[in-house]
Amino acid sequence: MAQKEGYLIVDIGTGNARVATAGTDGTLWSIKRENVHYETDHQYEDSIYFNPDELWQQILRLSKAALAETGAIDIKAITATSQREGIVIVDQEGKALLGMPNIDHRGRALEKDLIDKDTVYNLSGRYPTSLFSAFKLVGVREVYPEMYDQIAYVMSISDWIQYQFSGKPCYEPSQASETLLYDVEKKEWSPELAELFQISTDILPPVYDSGSILGQVKPDVAKEFGISTDAVVVVGGGDTQLAIRSMEPSANDVVIVSGTTTPIIKIVSTYEKDEEQRTWTSRHIDADNYILEANAGVTGLNYQRLKEIFYPNEGYEVIEKELEDATYSQCVASLGSLIADEEEPLTKGGFIFNAPVSHQLTRGSFVFAILWDIACSIYENYKFLCAVSPHAESYIWACGGGVESRKLRQFIANLFGKSIRIRDTFRQASVLGGVFICNDALGIANKTPELLDEVHPKDHEEFEKLYQEWKNARKTFKQVSQ
């Protein structure tokens with residue numbers, strides 16, 4: 001029997017680390033996952049970090065498990081994708097000093113010290129906040145100057161993983177777009193931005209395009225992972241961009257990526273900016289296109305955590321069944337989503353329902369309200385996106401674990417007045433995006449993903465009224481947050 005040929009794909013999200021083995025046709029043979037372990041740094045008001053050595057051991061463990069489950073396989077290529085805005089800093093010997101995820105805000109208190117925010121937006125494509133990587137570096141410099149002085153390179157998490165495999169430092173454009181140090185339109189590091197943050201360009205690695213071959217896997221790493229030394233390391237990219245890639249949208253399409261956060265993306269061919277600086281513009285993983293983005297914040301994380309409370313032992317099919325008995329009048333929620341014209345998400349949230357508590361209120365009512373909150377948050381951000389770049393198509397693509405819920409897809413369709421389409425790649429979109437770029441790198445034709453489902457809108461005018469009720473509820477929680 002001929003040995004299978006395929007890829008090893010590492011995907012580091014905000015919540016968990018995943019390693020998958022897959023064939024060139026997109027067949028997923030094995031996916032193994034573990035939660036990413038974070039620590040709190042009390043030297044800052046709001047800082048979370050991870051130990052890169054510990055994460056690498058997780059990747060090793062998960063890889064061995066996935067390879068063992070797959071059986072005989074010839075790994076032709078390895079790639080990585082990860083949460084955006086997360087970074088790892090390494091010293092001259094290549095030792096990782098610190099890992100900072102996208103949810104690390106150690107630079108928040110230093111935002112006020114940045115001058116010329118307009119220049120930062122114009123060059124980097126995003127209004128500067130502590131979410132982005134440059135502020136993480138400034139935070140390290142202010143509190144741990146000795147560690148900062150040891151930095152030889154800073155890399156995104158996915159680029160650092162590729163460095164671990166290949167020994168070659170790099171930064172991929174879709175990830176570099178999240179640093180506030182990268183000129184998105186010129187597609188190069190910006191000395192002007194680096195000077196504003198007083199960060200040396202010497203610690204910024206060479207830029208390599210997604211889908212390019214970085215090099216071969218190091219012999220010692222190949223031996224440790226039990227793979228061939230002929231395997232090549234392919235440059236990956238941001239998890240949002242790889243997820244979009246697996247959906248194969250057309251130019252000017254809008255894609256909702258429903259993961260821990262929910263980016264609402266439009267693919268554009270020119271560097272489009274918002275005069276009011278509400279949206280983000282990033283490089284896509286192809287050579288020519290950009291993505292214009294509004295982000296609804298930690299919507300998916302809210303759903304996941306509330307599921308653990310209300311449905312700890314049940315699958316999503318049970319939730320969907322119970323949602324059929326829930327209605328809009330029983331409960332409304334607002335749970336910390338982010339709207340494009342707001343600098344900060346809600347810090348207080350909750351549910352509003354009639355008192356005394358009705359016998360009709362069930363756990364399904366609360367999950368119904370969560371999904372409605374997510375749908376409304378997506379819709380609100382979509383409107384800001386359209387104000388910058390109009391969207392005329394009658395459909396929207398969606399992918400990611402959140403849109404596993406058909407009820408959520410129906411809510412979104414009803415609000416938008418557009419159909420919601422998913423492809424057969426939607427569940428593991430970022431991993432399968434890794435398959436696509438490995439195929440691109442090796443000159444292998446990709447299998448076109450198929451349309452799996454399309455949900456058409458119903459009662460759009462009625463849902464617009466319900467949306468206004470949600471906006472009023474959100475105002476209530478915003479007043480509590482202040």
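FYI, side chains are in, hydrogens and waters are out, and symmetry mates aren't considered; it's all heavy atoms of this structure. All figures in this text were calculated on a predicted structure; none of them were measured in a lab.
- Judged by distance alone, the side chain of Ser133 and the main-chain N or O of Glu85 form a donor-acceptor pair under 3.5 Å.
- Evaluation of the salt bridge (charged side-chain N to carboxylate O under 4.0 Å, His left out) rule for Arg305 yields no partner, not counting sequence neighbours.
- Between the side chain of Ser177 and the main chain of Arg283, a donor-acceptor pair closer than 3.5 Å is present.
- Ring centers of Trp56 and Phe165: under 6.0 Å apart, within the cut-off.
- Taking the centre of each ring, Phe426 and Trp397 stay at or above the 6.0 Å mark.
- Between Tyr271 and Tyr290, the two ring planes are tilted [angle within 30° to 60°].
- For the residue pair Ser174 and Glu172, a side-chain donor N or O sits within less than 3.5 Å of a side-chain acceptor on the partner.
- With Thr299 as the fixed residue, the side-chain contact (heavy atoms from CB on, under 4.5 Å) test singles out one of Leu408, Leu335, Ile374, Ile370: Ile374.
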Criterion side-chain contact (heavy atoms from CB on, under 4.5 Å) on Leu98 and Tyr49, from CA distance to verdict: CA-CA 7 Å; Leu98 183 67; Tyr49 68 94; 3.8 Å; yes
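- Every residue two or more places apart in sequence or in another chain that forms a salt bridge (charged side-chain N to carboxylate O under 4.0 Å, His left out) with Arg126 is listed here: Glu178.
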After noting the C-alpha distance and the side-chain angles of Arg141 and Asp149, does the key distance pass the salt bridge (Lys or Arg N to Asp or Glu O under 4.0 Å) rule? CA-CA 8 Å; Arg141 185 178 66 210; Asp149 289 341; over 6 Å; no
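- Counting only distance, with no hydrogens or angles, the side chain of Lys273 and the backbone of Thr281 share no donor-acceptor pair below 3.5 Å.
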Take Phe197 and Asp113, measure what side-chain contact (heavy atoms from CB on, under 4.5 Å) needs, and give me the verdict at the end. CA-CA 10 Å; Phe197 287 97; Asp113 299 328; over 6 Å; no
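- In summary, the side chains of Tyr121 and Asp274 do not present any donor paired with an acceptor at a separation below 3.5 Å, with no hydrogens or angles considered.
- Residues Asn295 and Asn381 bring no donor and acceptor atom of their side chains to less than 3.5 Å of each other.
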Evaluate the salt bridge (Lys or Arg N to Asp or Glu O under 4.0 Å) criterion for residues Glu276 and Arg278: first the C-alpha distance (whole Å), next the side-chain angles of each, then the deciding distance (0.1 Å), finally the verdict. CA-CA 6 Å; Glu276 298 183 39; Arg278 299 164 298 185; 3.8 Å; yes
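- Note on ring orientation: taking the six-membered ring where Trp is involved, the planes of Tyr379 and Phe416 are tilted (angle from 30° to 60°).
- When only modelled atom types and interatomic distance are considered, Gln175 and Ser82 share a side-chain donor-acceptor pair under 3.5 Å.
- You'll find the ring centres of Tyr182 and Tyr171 outside the 6.0 Å limit.
- A donor and an acceptor atom, one from each side chain of Tyr395 and Asp253, are located under 3.5 Å apart.
- A distance-only check finds no donor-acceptor pair linking the side chain of Thr262 to the backbone of Ser258 [under 3.5 Å].
- In terms of modelled atom types and a separation under 3.5 Å, the side chain of Asp373 and the main chain of Ala369 share no donor-acceptor contact.
- For Trp189 (side chain) and Ala176 (main-chain N/O), no donor-acceptor pair under 3.5 Å exists by modelled atom type.
- Under the 3.5 Å distance criterion, the side-chain polar atoms of Lys136 are matched with a main-chain donor or acceptor of Asp104.
- Within a 6.0 Å radius of CD1 in Ile309, more than 12 heavy atoms belonging to other residues, nucleotides or ligands are found.
- For the pair Lys117 (side chain) and Glu111 (backbone), a donor-acceptor distance under 3.5 Å is present.
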Walk me through whether Val257 and Val255 qualify under side-chain contact (heavy atoms from CB on, under 4.5 Å). CA-CA 6 Å; Val257 184; Val255 184; 4.1 Å; yes
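- Between the side chains of Asp11 and Ser430, at least one donor N or O sits under 3.5 Å from an acceptor N or O.
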Test side-chain hydrogen bond (donor to acceptor under 3.5 Å, both in side chains) on His105 and Tyr44; report intermediate values, then the result. CA-CA 8 Å; His105 289 277; Tyr44 303 91; over 6 Å; no
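- Under the 3.5 Å distance criterion, with hydrogens and angles disregarded, a donor-acceptor pair is assigned to the side chains of Ser389 and Lys266.
- Contact check for Ser124 versus Leu193: side-chain heavy atoms found under the 4.5 Å cut-off.
- Between the side chain of Ser246 and the backbone N or O of Ala429, at least one donor-acceptor pair lies under 3.5 Å.
- Counting heavy atoms from C-beta on, the side chains of Asn472 and Arg474 never come closer than 4.5 Å.
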With salt bridge (Lys or Arg N to Asp or Glu O under 4.0 Å) as the criterion, how do Arg18 and Glu34 come out once you've worked through the C-alpha distance, each side chain's angles and the decisive distance to 0.1 Å? CA-CA 7 Å; Arg18 298 188 297 171; Glu34 290 181 6; over 6 Å; no
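- Judged as a salt bridge (charged side-chain N to carboxylate O under 4.0 Å, His left out), the pairs with a partner in residues 286-301 (not counting sequence neighbours) are, in order, Arg84-Glu293.
- Thr129 contributes a side-chain N or O that, together with a main-chain N or O of Leu131, makes up a donor-acceptor pair within less than 3.5 Å.
- For the side chain to side chain donor-acceptor pair (under 3.5 Å) test with Tyr7, the passing option among Thr24, Asn439, Thr21 is Asn439; the others fail.
- A donor-acceptor contact under 3.5 angstrom links the side chains of Asp41 and Tyr144, judged on distance only.
- With sequence neighbours left out, the salt bridge (charged side-chain N to carboxylate O under 4.0 Å, His left out) criterion links Asp183 to no other residue.
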What verdict does the side-chain contact (heavy atoms from CB on, under 4.5 Å) test give for Val19 and Ile31, after you've listed the backbone C-alpha separation in whole Å, the side-chain angles of each residue and the deciding distance to 0.1 Å? CA-CA 6 Å; Val19 176; Ile31 300 181; over 6 Å; no
List the atom pairs, with distances to 0.1 Å, where a side-chain N or O of residues 210-238 and a protein N or O form a donor-acceptor pair under 3.5 Å, not counting sequence neighbours.
residue	atom	partner	partner atom	Å
Ser210	OG	Gly236	O	2.8
Ser212	OG	Asp209	O	2.5
Ser228	OG	Asp230	N	3.0

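- Take Glu248 and apply the salt bridge (charged side-chain N to carboxylate O under 4.0 Å, His left out) test, not counting sequence neighbours, and it matches Arg245.
- Rounding to the nearest 0.5 Å places CD1 of Ile48 at 9.5 Å from CG of Asn102.
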